[in-house]
> 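I have a structure here, written as structure tokens, and I will follow up with some questions on it.
Nothing fancy with the numbering, it's 1 onward along the sequence.
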Amino acid sequence: MRGLETLTTTELSTWVQQARAFASQGKVIDRIPQLALANANWFAVCVHSANGQVYSDGETSRVFPLMSAIKPFSLLYLLQRLGAETVFQWVGVKPSDVAFNSLEQLIKDNGRPRNPMINSGAITLADKLPGNSASDRCKHLCQWLNQQADCQLQLDEIMLTSVRLVNSQVNQDIARYLAQAGYLKDLKKSLDTYEQICCLSGTVEDLAHLGLLLACDRGRVAAQYRRSVNALMLTCGLYESSPQYALQIGLPMKSGIGGALLAVVPDRGAIACYSPALDNAGNPVAALAFVEAISQGLGLSVFGN
């Protein structure tokens, strides 16, 4: 294993150029109007090694919503506050072989969310975040992450308005079923919280800083909780495509429909990408191509060379 710290600017530039070509195989999501404004060819990457070296390329000043890339961190926050025994009473740890917003799977599982990386699990955990209102919950999570990870996340109010206008029927149906099964205390507040935390936004550098929180022991979060979140990212973070990329890339990863992709290299650092063109599972195509290239090129797989 060479490690992230051996990356050269020439390698970075080459792999970025190769990855950009894959954007044409994906499509920018159009069901949320504000996300639909993104250009499929935008690409940004920030590689942050554990020893402090930072490599970046592309449109790194672009701010984007984390969307589902926030899910590992709401889980981490609750694990740190409440412990694993409590949190995993509410959500399971099984991978999903269907879409991230599948109501059918939730019904099949008798209303128990299969894992925290799909919508049913994330809505359930949004219900458990501390705070009297959805805005309080989002603010507390945002402040905690900014403090622990040294990043500068902010709520994108324009994106949130766009998400609310869509008023996702699928997520409402999921929340209703979760409430009937006893997993939600307050359906409306849970959905509002979920939508707000998904609209927390930042740059690829902010996302890389979040990744370091999961990659390195800095005494800020318990090692056992970092391991749990990383394991769930590896097995569930890319939805039904997770097994394929565990084989091809071998890193804990989490995507978001806004184009975010975070890859954690345990003890070595983090790789953050922004690439709005998605595949059919909702994962950023060019970003995955880049992470695959850098993982294979530097021998980063957690399973060894």
Side-chain angles (χ1 to χ4, degrees), residues 32 34-35 61-83 86-87 90-91 113 116-168 171-172 174-175 178-179 183-214 218-222 225-226 229 254 256-260 262 270 272 274:
I32 297 173
Q34 196 63 21
L35 286 181
S61 62
R62 290 205 179 275
V63 174
F64 52 91
L66 296 185
M67 291 291 163
S68 286
I70 196 65
K71 291 173 180 174
F73 300 99
S74 58
L75 171 62
L76 182 68
Y77 180 48
L78 286 170
L79 285 171
Q80 190 70 17
R81 284 182 61 91
L82 304 173
T86 297
V87 173
W90 300 320
V91 291
M117 303 295 160
I118 55 177
N119 290 16
S120 58
I123 292 169
T124 298
L125 294 189
D127 183 68
K128 317 304 178 192
L129 292 173
N132 294 323
S133 66
S135 295
D136 283 346
R137 292 173 176 181
C138 180
K139 186 166 72 174
H140 291 161
L141 176 62
C142 185
Q143 287 175 342
W144 184 80
L145 288 172
N146 284 341
Q147 184 179 21
Q148 300 301 322
D150 303 316
C151 55
Q152 298 177 48
L153 302 180
Q154 289 186 316
L155 177 62
D156 184 335
E157 299 278 3
I158 296 172
M159 186 63 67
L160 180 59
T161 299
S162 189
V163 168
R164 284 172 170 167
L165 282 171
V166 172
N167 199 22
S168 170
N171 282 344
Q172 287 185 55
I174 286 172
L178 287 167
Y183 285 96
L184 300 186
K185 292 176 186 171
D186 188 322
L187 186 156
K188 188 176 178 184
K189 197 187 295 184
S190 306
L191 272 177
D192 192 7
T193 304
Y194 174 69
E195 289 177 348
Q196 289 197 43
I197 65 174
C198 284
C199 291
L200 289 175
S201 302
T203 63
V204 280
E205 185 175 359
D206 292 316
L207 186 56
H209 281 169
L210 286 174
L212 287 177
L213 198 57
L214 292 170
R218 295 175 163 184
R220 300 185 181 188
V221 293
Y225 301 146
R226 287 192 295 111
V229 174
K254 187 71 195 82
I257 60 168
L262 173 65
Y274 170 57

> Quick one: closest heavy-atom pair of Asp206 and Gly202, and the distance?
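Looking at all heavy atoms of both residues, the closest pair is OD2-CA, 3.4 Å.
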> Run the side chain to side chain contact (heavy atoms under 4.5 Å, CB included) test on Met159 and Val63 for me, step by step, so that the C-alpha distance in whole Å, both residues' side-chain angles and the decisive distance to 0.1 Å come before the verdict.
CA-CA 11 Å; Met159 186 63 67; Val63 174; over 6 Å; no
> Could you report the tightest heavy-atom contact between Asp150 and His209, atom names first, then the distance?
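That closest heavy-atom pairing would be O-ND1, 2.9 Å.
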> Are Ser135 and Gln196 side-chain neighbours, meaning at least one heavy-atom pair lies under 4.5 Å?
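Sidechains of Gln196 and Ser135: in contact.
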> Verify the neighbour count for atom CD1 of Ile158: are there more than 12 heavy atoms of other residues, nucleotides or ligands below 6.0 Å?
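No, not enclosed.
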> Which atom names give the shortest non-hydrogen contact between Arg137 and Asp127, and what distance separates them?
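That would be NH2-O, 3.4 Å.
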> Is any side-chain N of the basic residue among Lys189 and Asp136 closer than 4.0 Å to the acidic one's carboxylate O?
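Salt bridge between Lys189 and Asp136, a charged N being under 4.0 Å from a carboxylate O: no.
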> So how far is it from Ser190 OG to Ile123 CD1, rounded to the nearest 0.5 Å?
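Spacing of OG (Ser190) from CD1 (Ile123) equals 8.0 Å.
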> Does a side-chain heavy-atom distance below 4.5 Å link Ser74 with Tyr194?
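A side-chain contact under 4.5 Å is absent here.
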> Keeping the roles fixed (side chain from Asp156, backbone from Cys199), state whether a donor-acceptor pair exists under 3.5 Å.
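Not a single qualifying donor-acceptor pair exists.
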> Using 0.5 Å steps for rounding, measure from the OG atom of Ser162 to the CD atom of Glu195.
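It is 11.0 Å, given to the nearest 0.5 Å.
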> So do the side chains of Pro65 and Leu35 get within less than 4.5 Å of each other, counting heavy atoms only?
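The answer is yes, as the side chains (C-beta and beyond) meet within the 4.5 Å cut-off.
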> Within this structure, what is the CG-NZ distance for the pair Leu75 and Lys128, rounded to the nearest 0.5 Å?
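Output value for this atom pair is 14.0 Å.
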> When you look at CD of Gln34, are more than 12 heavy atoms from neighbouring residues, nucleotides or ligands closer to it than 6.0 Å?
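Yes - once you tally the heavy atoms of other residues, nucleotides and ligands closer than 6.0 Å, there are more than 12.
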> Identify, with sequence neighbours excluded, every residue that meets ring pair (Phe, Tyr, Trp, His ring centres under 6.0 Å) alongside Tyr183.
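Ring pair (Phe, Tyr, Trp, His ring centres under 6.0 Å) check on Tyr183 returns nothing, list empty.
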> Can you see which heavy atom on Leu153 is nearest to which on Leu145, and at what distance?
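Nearest pair, atom of Leu153 first, then Leu145: CD1-CD1, 4.1 Å.
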> Evaluate whether atom CD of Gln154 has more than 12 neighbouring non-hydrogen atoms of other residues, nucleotides or ligands under 6.0 angstrom away.
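At most 12 heavy atoms, drawn from other residues, nucleotides or ligands, come within 6.0 Å of this atom.
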> What I'd like to find out is whether the side chain of Arg218 reaches to under 4.5 Å of the side chain of Leu212, using heavy atoms alone.
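Yes, close enough: below the 4.5 Å cut-off.
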> Check step by step if side chain to side chain contact (heavy atoms under 4.5 Å, CB included) holds for Leu155 and Cys142.
CA-CA 8 Å; Leu155 177 62; Cys142 185; over 6 Å; no
> Using every non-hydrogen atom in the two residues, find where Pro72 and Ala69 come nearest and quote the distance to one decimal.
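That would be CD-O, 3.3 Å.
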> Is it true that a side-chain atom of Gln80 and a backbone atom of Ala222 form a donor plus acceptor pair closer than 3.5 Å?
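Pair found, side chain donor or acceptor close to backbone of Ala222.
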> I'd like to check Leu178 versus Pro113 (side-chain heavy atoms, cut-off strictly below 4.5 Å). Are they in contact?
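A side-chain contact under 4.5 Å exists here.
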> With side chain to side chain contact (heavy atoms under 4.5 Å, CB included) as the criterion, how do Leu214 and Phe73 come out once you've worked through the C-alpha distance, each side chain's angles and the decisive distance to 0.1 Å?
CA-CA 9 Å; Leu214 292 170; Phe73 300 99; 3.7 Å; yes
> What are the two closest heavy atoms between Gly258 and Tyr274, and how far apart are they?
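Scanning both residues completely, I find the closest heavy atoms to be O-CE1, 3.2 Å.
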> Rounded at 0.5 Å granularity, tell me how far NZ in Lys254 sits from CG in Leu207.
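Atom-to-atom, Lys254:NZ and Leu207:CG are 11.5 Å apart.
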> Does Asn132 CG have over 12 foreign heavy atoms under 6.0 Å away?
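No, CG of Asn132 has 12 or fewer neighbouring heavy atoms, counting only those of other groups under 6.0 Å.
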> Distance check, rounded to the nearest 0.5 Å: Leu78 atom CG versus Thr86 atom OG1?
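So the CG of Leu78 and the OG1 of Thr86 are separated by 10.0 Å.
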> With a 4.5 Å limit on heavy-atom distance, are the side chains of Trp90 and Leu82 in contact?
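Result yes, sub-4.5 Å side-chain heavy-atom pair found.
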> Let me see the working for Leu187 and Gln172 under side chain to side chain contact (heavy atoms under 4.5 Å, CB included), right down to the final yes or no.
CA-CA 9 Å; Leu187 186 156; Gln172 287 185 55; over 6 Å; no
> Quick one: pull up CG in Leu141 and CG in Asn146 and give me the separation to the nearest 0.5 Å.
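Answer rounded to 0.5 Å: 9.5 Å.
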> Would you say that His140 contacts Leu129 through its side chain, given a criterion of any heavy-atom pair below 4.5 Å between the two side chains?
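Of all side-chain heavy-atom pairs linking Leu129 with His140, none is under 4.5 Å.
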> With a 4.5 Å cut-off on side-chain heavy atoms, are Leu76 and Trp144 touching?
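Yes. Closest side-chain heavy atoms under 4.5 Å.
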